[in-house]
Structures are given as C-alpha cells and as structure tokens.
Amino acid sequence: METKTLTKKQEKKQTTMRISGAEAVIHCLLAEGVDLVYGYPGGAIMPIYDELYKFQDKLHHVLTRHEQGATHAAQGYARVSGKVGVAMATSGPGATNLVTGIADAQIDSTPMVCITGQVASHLLGSDAFQETDIVGISTPVTKWNHQITKASEIPEVIAKAFYIARSGRPGPVLIDITKNAQFEEFDFSYEKCTGIRSYNAKPEIDKSSVQQAAELINSAKKPFIVWGQGIILGQAEEELKQLIEKAGIPAASTILGLSALDSDHELNTGMVGMHGNYGPNVLTNECDVLIALGMRFDDRVTGDLNTYAKQAKVVHFEIDPAEIDKNVKTDVAVLGDVKESLQELMPLINSNKHEAWHEEFKKRYAVEFDKVIKNDIHPEKEGLTMGEVINQVNRASKHEAVIVTDVGQHQMITCRYAKFNKTKSNITSGGLGTMGFALPAAIGAKMGDPDREVVAVIGDGGYQMTIQELGTIFQTGAAVKIVVLNNDFLGMVRQWQQLFFDRRYASTEMVNPDFVKIAEGYHIKAKRVSKREDLEAAVQEMMASKEAYFLEVKVEKEDNVFPMIPTGSSVADIRLS
C-alpha cells in the first residue's frame, strides 16, 4: 500500500479552518494555554465576547467592575502563577482605563497581554464614537503593541504578543483589533512564535565575565548581595540560596525580590530601600564587592547615586542590557538569564564564611530592633499599630500566605514584617506605586494559585480606589482575605507632611464610610477591630474562613514608618526616628 507524504503547504491547508477574526482570537488564546481572562465588554469588542460566550467551557472570563481592575487582576494572576495574564476591554475609555495597569506591569516586568477592541478601519482618525489612539497612548508603557486591521493578521500578531510578553525580561503587550477585523472571515491556522529577528530575548552568557565576577567575589572581604525580582522571574531561587550559603555572603532583597529566599534564613539580612532595614542600607556603603542579582538599582534602593556604594566593586547579573550602567556604574556585567549565569558561576566560587562581616549586620539589626522593630510589633502605646497586625497575620498564616499590598505606609510595614517561606508570596506595586492595586491583584493571585491563602493588606485610601472589585469577589466567590489598616489618613503622604512640611496636613485626612457595611452589602463576612485584646481572635477567625473575609483594623492615626531614607539622601543617612 502506497503511503503519501504531504507537503508543508498541504499540511497547513488541512489544519486551516474558515472562521471569523473574533473566533480566531479565542483559538489563539487557547493555543497559548490561556484558560482565564479578565475584562469588561463593550461595543468595539463585542464580536470577541460573543465568541467567548461560545467557548466558556474552555476559557473562563472574569468580569471585573472596572478595566483597571482587569489589568491588576491579570498582574496578580501572572505574578503568582508564572503564566501570562490576559485582560480585555473595549475601545475609547475602556482601553484608556487599562493604561495604569499596563504601566504598572511594564515597570514591574509582569507578563501580560491586553486585547482591546477598536472602531472599524474606515473610521480610524475620524474621531468616531469611542475612538482613541490606544496604540499611541500605550507605546511608552508597553514592551510591544500593534493594531490589527485585517483578520488574517490575528494569528501571527497574537503569537508574537505572547512570545514577547513572556520571554527575556517580561512585560505587557497590547493588541488593538478593529471591529471589521473581528467580523472578517479567513482561513485560520496557528503557529506559536519561537523567535523574532532583531529581538534578542536572552543574551548569550559571556563566560569571561562570569570568571571576572567569580574572581571579585572570591577576593572580597566584605561582599554583599542585593537580589531583585529577576531571581523570581528567572526561577533562580535555589541558585541564589546555593551561592550565599557556599560563599557565606550576607544578602538583602529589593521590595519585589521578597520571598525568593526564606525570611528567616540566617544569611537573609532583610530589605534594602527607603524603608528597608538599617544594616543592609548602611552597610551597602561599607561593602567592598556589591553583587546585584536581577535588580535595576531603582532610586528608592540607591538614594543619592553620588554616594551609593562608591567604595565597592559592582558586579551586575542582568538579562536586560538597558539596565547595565543605567544608574550605577558596574565593574563586571554578566548579561544573560540569571539562573543560567549563577549555574555557570557556582563551580568557580570558593567556600567562605565571612563571620566578622556578618557580625556587622547583626549589630545594626540589634540597633534597629531596639529603636524601631520592638515598638512596631510589641507596642506599649494604647492604639493598635500596623506592625502588630502583620505580626498576627504571620502567626495565623504560618508564613505560607500570599500577601498582596497596595501602596503607602501599610505596604512598607507589610514588606518589612511579613514572613515568607515560599517564593512568589509578596505581590505589590513596586515601581509605579499604584494605589488601588491590591484588591483586584489579590483576586488574580487567588485564581492563579487557588490552594494558597491570599491576604490583601490595604490602606483606607488605596482601598477606596478600587473598592468596587468587592463585586468581583462576590460574583466569583474568590476566597480573598482583606485587611484594611484604617488610620483615617493618606498615611504616607501625611508622614512626609509631618517630617518635611511642618505638619501641614493638606488634603490627607480621610472621612471614611462604614467599610464593614459596604463589605456586608456585597455579602462578604466582615468585622471591625479597634482594641488589642480583640485582634488575635479576629485574625484567626479571618484565616479560618473558607470564604472571602473583610477585616478592618483601626490603627494609630499618626504612626510613622521607620527606618526612612529621606528623598535624595545617602543610604548611610537612614533615619531611625
């Protein structure tokens, strides 16, 4: 019997099907392994939603209450699951409402694909109803974006979108699809993208730079590691641990790197940055070799660049060439995937202890504990503090919960005192500092890993920016635990006004609604605590709940977060009070 061999052209013809552009979008998403989409429908994207309705058994859609909530939920999902988050919206205001979340994802390197509907091609540029140039608007805050005007473009563009979003240094991509392209029919076939000419997602590791890095590390008397989110994105947690243990190097995290290493690891010295720990910040300016792993030397980490680690040789492990020498001049740059780079480095590293150097960190911690920490988590004052609330959450969750924070004092306190023993446990808006991030991001985080407890810790200001997402929690049944630390102020701005503007509290005092009643209005169990003797039981009850739970904790109105590096100051000038 004769066996016929099909040509590639014949194979492709056999795998094509005549479908609309809208249906093609759904098939593309399914081909990329997407099973969950966040969004809000509207006129210009209605054909895609109509097809989504037909495929709801394969592709689940979560209706958020605002398009910004869709992007933050997609971020939370991506950060916890490691997958690409997907958000959809219509044209005009629907699309522009995505921009804050897209910008947040860009600066925090979160893989996300946003799909927006657009007016028909013949109306482009005519100021048609709900027409906005979302490609032009989003260009500065996306890793890549593209407008589709013909249905036949959809497979190739979406394949590129997912490849770009997840590869190299991850980031958000926006695809804008005109309405006529959604209706048009074409012969559909799909092929995943595995590379793009001129786009080098993962630089090849230069072994000579790895050798130079090893020589500097081995010769150091006071080496110090600062790691960032690149360790988590690169799945290099085990390599980080092996390096610090073999070389005996004290290490500290940026805010986005938290949870890559167990909080209680003996070589984990805490967090660097404006409200980071005293020792890591001060001793940055005393180390002789500074090893930066997957971090970008953000201004909140470095303080005054003119005084930052000037005494040290700097070794920078980084996947994005644009970050090398951008803020801090490096002596050795190791470009490439951080996991692979550290694997190349490890055989070249000598075993060491650096015991005297470790003692310097312990001494600084003792000072910080006496002047700051004990007052935050074991206060003698009558009112509740934010630190003791986080301490109770730690105990009740056994350090295993995903903690999602908004932006402000509560965020800094949580990042200082939350304990983590699993990676991908600290979800926060780092680079953009987006108030309103936490509530929708917590929904996404819970859906990204349903078996883990997810606790959103939010200030009373940021909470009200996306409070409507309680409706999403109610409709989906997402068992998110919400803790609002209510000090009736925009706390971080008030702190700056107190310290630097002679206590002129301009437009920072909040007159808040009854948060418990609002939560109950969404059929979410809720409680308010204002006394210390009631806190532990309330937190235990919240964590024991199998459903969503809202806990409002009334805390001291004018508590401040210390340590603190004033803007523009040296890391060595960190204030303890």
Side-chain angles (χ1 to χ4, degrees), residues 68 71-80 85 87 98-112 114 138-144 165 168-174 226-234 252-260 271-276 281 292-303 305 308 316 318-328 338 403-412 414-416 424-438 440-441 444-445 458-459 462 465-466 492-493 561 565 567-568 571:
Q68 181 181 343
T71 53
H72 293 328
Q75 286 178 273
Y77 175 85
R79 296 265 289 272
V80 168
L98 297 176
V99 172
T100 296
I102 292 171
D104 196 291
Q106 172 78 342
I107 200 165
D108 282 355
S109 303
T110 303
M112 182 166 67
C114 293
S138 66
T139 294
V141 293
T142 49
K143 191 176 176 184
W144 183 63
R169 179 180 180 177
V173 172
L174 181 135
V226 177
W227 84 83
Q229 188 186 203
I231 293 292
I232 296 172
L233 295 173
S253 174
T254 66
I255 190 172
L256 289 178
L258 289 169
S259 81
M271 182 176 74
V272 292
M274 179 174 280
H275 293 285
N281 275 307
L293 304 176
M295 55 87 78
R296 60 188 180 87
F297 291 111
D298 172 71
D299 64 297
R300 288 293 175 101
V301 166
T302 65
L305 283 169
Y308 182 77
H316 194 176
E318 176 60 49
I319 198 168
D320 184 358
E323 294 296 343
I324 300 298
D325 295 334
K326 185 176 81 174
N327 294 325
V328 173
V338 70
I403 308 291
V404 186
T405 47
D406 216 77
V407 172
Q409 285 184 316
H410 73 277
Q411 176 193 34
M412 294 296 104
T414 303
C415 290
R416 281 180 53 77
K424 296 178 184 174
S425 293
N426 177 60
I427 311 300
T428 194
S429 172
L432 197 64
T434 304
M435 293 178 69
F437 171 88
I458 318 176
M465 288 194 170
T466 50
M492 187 59 82
V493 183
V561 184
I565 303 170
T567 302
V571 292

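Proximity of V338 to I231: side-chain heavy atoms (C-beta onward) are separated by under 4.5 Å at one or more points. Side-chain contact between F437 and T100 is absent, with no heavy-atom pair separated by less than 4.5 Å. In this structure the side chain of M274 reaches within 4.5 angstrom of the side chain of T567, judged on heavy atoms. Within the 4.5 Å cutoff, the side chain of I232 has heavy atoms near those of the K424 side chain. Under the 4.5 Å side-chain criterion, counting only non-hydrogen atoms from C-beta, D108 is not in contact with L432. Between M271 and I255, the closest side-chain pair of non-hydrogen atoms falls below 4.5 Å. Between T434 and Q68 the shortest side-chain heavy-atom distance falls below 4.5 Å. Annotation: side chain of I102 is in contact with side chain of L174 (closest heavy-atom distance under 4.5 Å).
D104 and S429 form a side-chain donor-acceptor contact under 3.5 Å, judged by distance and modelled atom types alone.
Taking all atoms of both residues into account, the shortest heavy-atom contact from W227 to A260 is NE1-CB, 3.4 Å. What you find for R296 and I107 is that their closest heavy atoms are NH2-CG1, 3.7 Å. Among all heavy-atom pairs drawn from V404 and A441, the shortest one is CG1-CB, 3.9 Å. E318 and M295 get closest at one heavy-atom pair: OE1-O, 3.4 Å. Contact between A78 and G85 at its shortest, heavy atoms only, is CB-N, 3.7 Å. The two atoms that bring G273 and I565 nearest to each other are O-CD1, 3.6 Å, heavy atoms only.
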Applying side chain to side chain contact (heavy atoms under 4.5 Å, CB included), run through M492 and Q411 and close with a yes or a no.
CA-CA 10 Å; M492 187 59 82; Q411 176 193 34; over 6 Å; no

Are R79 and L256 close enough, and set up right, to give a side chain to side chain contact (heavy atoms under 4.5 Å, CB included), and what steps lead you there?
CA-CA 11 Å; R79 296 265 289 272; L256 289 178; 3.4 Å; yes

With side chain to side chain contact (heavy atoms under 4.5 Å, CB included) as the test, would you mind laying out the steps for H316 and K326 before giving the verdict?
CA-CA 11 Å; H316 194 176; K326 185 176 81 174; over 6 Å; no

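Take M465 and apply the side chain to side chain contact (heavy atoms under 4.5 Å, CB included) test, not counting sequence neighbours, and it matches M435. For V328, the side chain to side chain contact (heavy atoms under 4.5 Å, CB included) criterion is met by F297, T302, L305, Y308, V314, not counting sequence neighbours.
The distance from the NZ atom of K143 to the CE atom of M112 is 13.0 Å, given to the nearest 0.5 Å. Separation of atoms OG1 (T428) and CE (M412) is listed at 6.5 Å; rounding is to 0.5 Å. With values rounded to the nearest 0.5 angstrom, T142 atom OG1 is found 12.0 Å from L98 atom CG.
A donor-acceptor pair under 3.5 Å is formed between the side chain of D406 and the backbone N or O of A438.
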